[in-house]
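Below: the structure, in structure tokens.
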Amino acid sequence: MGKHLTSREQDYSKWYNELVVKADLAQTSAVRGAMVIKPYGFAIWERIQADLDKRFKETGHMNAYFPLFIPKSYFSKEASHVEGFAKECAVVTHYRLMDDPNGNGVIVDPSAKLEEELIVRPTSETIIWNTYKDWIQSYRDLPILVNQWANVVRWEMRTRLFLRTSEFLWQEGHTAHATKQEAIAEAETMLDVYSTFVEEVMAIPVLRGVKTDGERFAGALETYCIEAMMQDGKALQAGTSHFLGQNFAKAFDVKFQTKEGTQEYVWATSWGVSTRLMGALIMTHSDDNGLILPPKLAPYQVVIVPIYRGQEQLDEISVVAEKLMRELRDNGVTVKYDHRDTHKPGWKFNQYELQGVPVRIAIGPKDLEKGTVEVARRDTLTKSFMDQSDVSTAIPALLDEIQVALFEKALKFRDDHSQTVDTWEEFKDLMKNNPGFVYAHWDGTQETEDKIKELTKATIRCIPLNNKLEDGKCILTGQPSTQRVVFAKAY
RNA sequence: CGGGAAGUGGCGCAGGUGGUAGCGCAUCUGGUUUGGGACCAGAGGGUCGCAGGUUCGAGUCCUGUCUUCCCGACCA
């Protein structure tokens, strides 16, 4: 195994693939398109889950669980929804295996064919709305504010770890409301929850906006999104929140009786983020030495590495290390003390850099004499010395500083790669040679969006919320436009 | 699903015109080491993706098939 990663400049996707594997986040599995998330990678996902889950509950939601399998007939009930997912559904057709009469292991028992095939959920709107029909009779049953953490399957042609796999983990919120206004407010609230989380915890700056017709979720009236910029200038959708109108209520006949006694269809939203956030995290912060984790998501925020000669010296250092570890833990810092004798300090330094541990503390014989430790920052790769007595207060402050610095650095990168453009030539040139977010006028038609995609591979990532109105001419057609939209190549 | 490339110990690779598999890293043992991926000595580990075929003989040639990666279409 090579000791160094492919550099980002040399081959960005190779860098990403190697980093995911070498940092021990995930690996490909024996199953086509499906990944194994390894303990270190899953620990990060657990932190994402825990923080988001808390935010969902603080905004009034509760978790529930709906089946993995969805009867095929449910899918045909909402036309645009089927159209959106039909091409990537896994289908269960049989329920039993038998010994192969020809002696070649087991085969599917042809007599065990299902009456109605089951779809492995690509998303759960249909099964959930079929259930909500039973839950909702009166306005007193509303709103329903439910989330589920689950796996879903979308049969993908080309897969990449975390970014696009056939099976992935996510959460999907599904809410039901008495009024349109309330449902829209819910979709907007959840977009706020996502953007706050992604910016404050993941340290990834996001644009908030709405999708165009072409990019909208299958079955939604409005799709809100947050878009992040990766270090190769491509956009990655970090989360979506949909206002579904009454589409699913009508498809599944979910009505409620109002105070006035009339029957009305329920208004709906759904919203989700997936393990794709792991990809966003990696591609926003990491460098050619490996992963860089924001302190708020790092499985260990601090790793302590002893430098010693002989058991006696290790024992002396361990006394200091364990004291510091206790003090740090008391101050809410997660610490790992790596005193394994099977690896040298240099090896550990490289390994923890590869795995993105925000702060490394090294303690050696010289530190014992002077009462100091060596503190190394992962994000800047800088080292300095600190008195042991300062560690318990200085390290939490340093972690906060790193958290902010990562966000600021990513924000600066995004700003440096965001341009306002008014000519088609300039637009084409940017997309080809220096991709990033391009703010340009668009005539509002699907045809133009498709044409631009065909010519440059760039799509409209979003129409920013609270967008400034400004008269202009469409970048491609010259037709009048009232606002700029954000174009980028996307993951 | 279209176009390319590749499948050989755990990982990365080498194996002109066919002759019975090798290197680096990793692993194991012993010793010396330990402030940025240590060194020396020794050891273990592969029915060459799979299935057919040609041949006295196939990692090598032929056919089929599966998988992975890259580039497109689709997508969170």
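Convention: sequence-line order gives letters A, B, ...; per-chain numbering from 1.
Atom CZ in A:R216 sits about 14 Å away from atom P in B:C75, given to the nearest Å. Rounded to an integer number of Å, the gap from CG of A:L161 to C1' of B:C69 is 12 Å. In this structure, A:E215 atom CD and B:C74 atom C1' are separated by 11 Å, rounded to whole Å. To the nearest angstrom, C1' of B:A73 lies 13 Å from CG of A:D450. At whole-Å resolution of the value, CD in A:Q237 and P in B:C74 are 15 Å apart. Remark: C1' of B:C75 and NE2 of A:H81 are 14 Å apart, rounded to the nearest angstrom. For the pair A:Q313 CD and B:U33 P, the interatomic distance rounds to 13 Å; values are reported in whole Å. The interatomic distance linking A:R121 (CZ) with B:A76 (P) rounds to 17 Å, in whole Å.
More than 12 heavy atoms of other shown residues, nucleotides or ligands fall within 6.0 angstrom of atom NZ in A:K77.
Nucleotides B:A5 and B:G37 are separated by 32 Å at their C1' atoms, to the nearest Å. Rounded to the nearest Å, the gap between the C1' atom of B:G15 and that of B:G59 is 8 Å. The same atom, P, is picked in B:U29 and in B:C69; the two are 35 Å apart, to the nearest Å. Comparing the same atom, C1', in B:C39 and in B:C48 gives a spacing of 34 Å after rounding to whole Å. Nucleotides B:C28 and B:G22 place their P atoms 24 Å apart, quoted to the nearest Å. Distance noted for atom P between B:A73 and B:A14: 31 Å (whole Å). Atom name C1', nucleotides B:C74 and B:U54: the rounded distance is 43 Å, in whole Å. Rounded to the nearest Å, the gap between the P atom of B:U55 and that of B:U67 is 32 Å.
The side chain of A:D341 lies closest to B:U33, out of B:U33, B:G36, B:C75. When distances are taken from the side chain of A:K457 to each of B:U34, B:G72, B:A76, the shortest belongs to B:G72. Among the nucleotides B:G35, B:C74, B:G36, the one closest to the side chain of A:K366 is B:G35. Checking B:G35, B:U33, B:A76 against the side-chain heavy atoms of A:T165 singles out B:A76 as nearest. Of the candidate nucleotides B:G36, B:C74, B:G35, B:C74 has the atom nearest to the side chain of A:K453. When each of B:G36, B:G37, B:C70 is scored by its nearest atom to the side-chain atoms of A:Q351, the top-ranked nucleotide is B:G37. Side-chain proximity of A:S13 to the nucleotides B:A76, B:C71, B:U34 is greatest for B:C71.
Toward the 5' end of RNA chain B, the nearer of the two residues A:G239 and A:G364, judged by each one's closest nucleotide, is A:G364. Map A:T275 and A:L368 each onto its nearest nucleotide of RNA chain B; the residue landing nearer the 5' end is A:L368.
Here A:L236 lies out of heavy-atom contact (under 4.0 Å) with every strand. Among the protein residues, A:R340 comes within range of no part of the nucleic acid, since none of its heavy atoms lies under 4.0 Å from any strand. Contact annotation for A:T459: no contact, since no heavy-atom pair falls under 4.0 Å across all strands. Across all strands, A:P365 comes closer than 4.0 Å to base atoms (heavy-atom distances). Counting any heavy atom pair closer than 4.0 Å across all strands shown, A:N17 reaches sugar-phosphate atoms only and no base atom. Using a 4.0 Å heavy-atom distance criterion, A:K14 is classed as making no nucleic acid contact. At the heavy-atom level, A:F168 lies under 4.0 Å from base atoms of the strands shown.
Residue side chain A:R309 does not reach the base of B:G35 through any donor-acceptor N/O pair under 3.5 Å, judged by distance alone. For A:R164 against B:C75, a side-chain N or O and a base N or O form a donor-acceptor pair under 3.5 Å.
Annotation: cation-pi pair A:R461/A:F437 absent, no NZ/CZ under 6.0 Å from the ring centroid and within 45° of its normal.
Separation of the A:H339 and A:Y308 ring centroids does not fall under the 6.0 Å cut-off. Ring-centre distance between A:F56 and A:W271: below the 6.0 Å cut-off.
Between the side chain of A:Q301 and the main chain of A:L399, no donor-acceptor pair closer than 3.5 Å is present. Listed for the A:R378 side chain is a donor-acceptor partner under 3.5 Å among the backbone atoms of A:L291. Under a 3.5 Å cut-off, the side chain of A:Y74 and the backbone N or O of A:N130 do not form any donor-acceptor pair.
Across the strands present, B:A38 finds its partner in B:U32; the criterion is a Watson-Crick or G-U wobble pair with both atom distances under 3.5 angstrom. Nucleotide B:G24 is matched to B:C11 when pairs are restricted to Watson-Crick or G-U wobble geometry with both distances under 3.5 angstrom. Partner assigned to B:C69 is B:G4, using Watson-Crick or G-U wobble distances below 3.5 angstrom. In this structure, B:C74 forms no base pair with any nucleotide, since neither Watson-Crick nor G-U wobble geometry is met with both distances under 3.5 Å. Base pairing analysis places B:G52 opposite B:C62; the two distances defining the Watson-Crick or G-U wobble pair are each below 3.5 Å. Nucleotide B:U17 has no partner under the Watson-Crick or G-U criteria, as no pair reaches both atom distances under 3.5 Å.
Between A:R377 and A:D379 there is a salt bridge, since at least one side-chain N of the basic residue sits less than 4.0 Å from a carboxylate O of the acidic one.
Distances shorter than 4.0 Å separate some side-chain N or O of A:K344 from OP1 or OP2 on B:G35.
Ring orientation note: the planes of A:W347 and A:H343 are close to parallel, at an angle under 30° on the 30°/60° scale.
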